[in-house]
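The next block holds one structure in the form of structure tokens; read it before the comments.
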Amino acid sequence: MAELYDVIIAGGGPAGLAAGLYAARDGLKALLIEAALPGGQIATTDSVENYPGFPQGVTGEELSEKMEQQAKRFGMEMTTDTVVALAAEGHAWTVKGERQEHRTRAVIIATGATPRKLGVAGEAELANRGVSYCATCDGPLFAGKKIMVVGGGNAAVEEADFLTRFVAGVTVIHRRDQLRASKVIQDRAFENEKIDFLWDSVVVEIGGEGKVEWVEVKNVKTGETSRRDCEGVFVLIGSEPNTGFLQGVVDLDEKGYVTVDREMRTSATGVFACGDVEDFIFRQAITSAGAGAAAAISASKYVAGWKE
Amino acid sequence: MAEGLLELTAESFEEKVLKSEVPVLVEFYTTRCPYCVKVIPTLEAVAEDYGEKLVVAKLNAEDHYDVTAKYQITGVPAIILFVGGEVADRITGAAPKEDFTAMVDKAVKD
């Protein structure tokens, strides 16, 4: 019989890594399963200035590495795999990855969220041919080019600023007449000469011959449409929770987020959730890390009373 | 034997890829790209399957923009199959192993 872990954490972003740290320090035999890069959405954030403890800010890469090192220091195990299913086996759980299966007493779901798509014509056809959802991944590939950034929140505006390191110019296309981003981020973007703004606008089509060459935008107030030339479109309009594999296992709300109580318990006994996978409102590294610690504390209490 | 993918440079690209006698699968990646990391185990498994009949390598697209620009790469990971020095096919994204196997099989058959 495969070894039985005390807790398996699905997902290695701030929530999962904080959960792993707390679980390991409490003496739990903990395994964290991460599909790609430890740090999650932080791994692809160039600079993090709002995580407490770093007066000069910190790179996403460094913050991710430190979180990972800290959790491993206390004995958390980590493996690379994608969790595809969760199945109850008596009082234990089987966590199925694409490559391996594991058994555990408790599960902490910290699978985070993935970028939301626009859902417009040309977007799917030109994905990776000029349409991107990850500025740090693909930004360097657009050196000297003209690009569009769609979105008005912190991510869109911060990444627009980041992208000006490589590109010739950025137009931020936002459907309202003011940004949702925090003031510090907005001011920085307004002062950046390489960034201009297209307000009250949405992208209705992305087009080009085999690669992005233009976008069709519509002014939501006047209804007027116009075509703008560009060689790249970065879609940074928020994200959706990674909960497809949890259908039928735990309760999800109408948006797909995992429903949890104040102790991070899901509707399934022994299964907890933390971070962007359950949080629609805040979605910050610090709130996710806080939720991760809470989930681990709850899981630890649960494991202490667990019987075969 | 999968010892990890061969890391290419602008200098070694011509010799190891364009002048290779066997097909070469090259992953173009950037340094902070989660899917670029995610696809590595899949590519290592593909390398293991084909042994001497296929070379599987990777190139940092950020540091080698001159090479990257030639192949019109606007999304990473971009995994390009080179046969006889020419682009035979490509897959962008962390696709499942079957997709890479199908791509390699098709090109090798031609």
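Sequence lines set the chain letters: A, B, ... in the order given, protein chains first and strands last, and positions in each chain run from 1.
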So, taking the atom named OH in Tyr35(B) and the one named OG1 in Thr44(A), what distance separates them when rounded to the nearest 0.5 Å? 9.0 Å
Of Val212(A), Val131(A), Asn128(A), the largest count of non-hydrogen pairs under 4.5 angstrom with chain B goes to Asn128(A)
Residue among Val39(B), Ile40(B), Ile73(B) with most heavy-atom pairs under 4.5 Å to chain A: Ile73(B)
Say you draw a straight line from CG of Leu37(A) to SG of Cys36(B); how long is it, rounded to the nearest 0.5 Å? 8.5 Å
Taking atom CZ of Arg228(A) as the centre, does the number of heavy atoms from other residues, nucleotides or ligands within less than 6.0 Å exceed 12? no
Does some side-chain heavy atom of Glu231(A) sit less than 4.5 Å from a side-chain heavy atom of Thr74(B)? no
Can you confirm whether Thr31(B) sits close enough to Glu61(A) that some side-chain heavy atom of one is under 4.5 Å from a side-chain heavy atom of the other? no
Using every non-hydrogen atom in the two residues, find where Cys134(A) and Arg32(B) come nearest and quote the distance to one decimal. SG-O, 4.5 Å
Kindly check if the number of other-residue, nucleotide or ligand heavy atoms within 6.0 Å of CD (Glu7(B)) is above 12? yes
Would you mind checking which part of Thr92(B) comes under 4.5 Å of any heavy atom in chain A, side chain (CB onward), backbone (N, CA, C, O), both or neither? both
Heavy atoms only, distances under 4.5 angstrom: which of Pro34(B), Cys33(B), Ala61(B) has the most pairs with chain A? Name it, please. Pro34(B)
Atom CD in Glu34(A), atom NZ in Lys38(B): separation rounded to 0.5 Å? 9.0 Å
Under 4.5 Å from any heavy atom of chain A, what part of Val37(B) do you find: side chain, backbone, both or neither? side chain
Hey, which residues of residues 135-148 of chain A are touching chain B, say heavy atoms under 4.5 Å apart? Thr136(A), Cys137(A), Asp138(A), Pro140(A), Leu141(A), Phe142(A), Ala143(A), Lys145(A)
Check whether Thr45(A) gets within reach of chain B through its side chain, its backbone, both or neither, counting any heavy atom under 4.5 Å. backbone
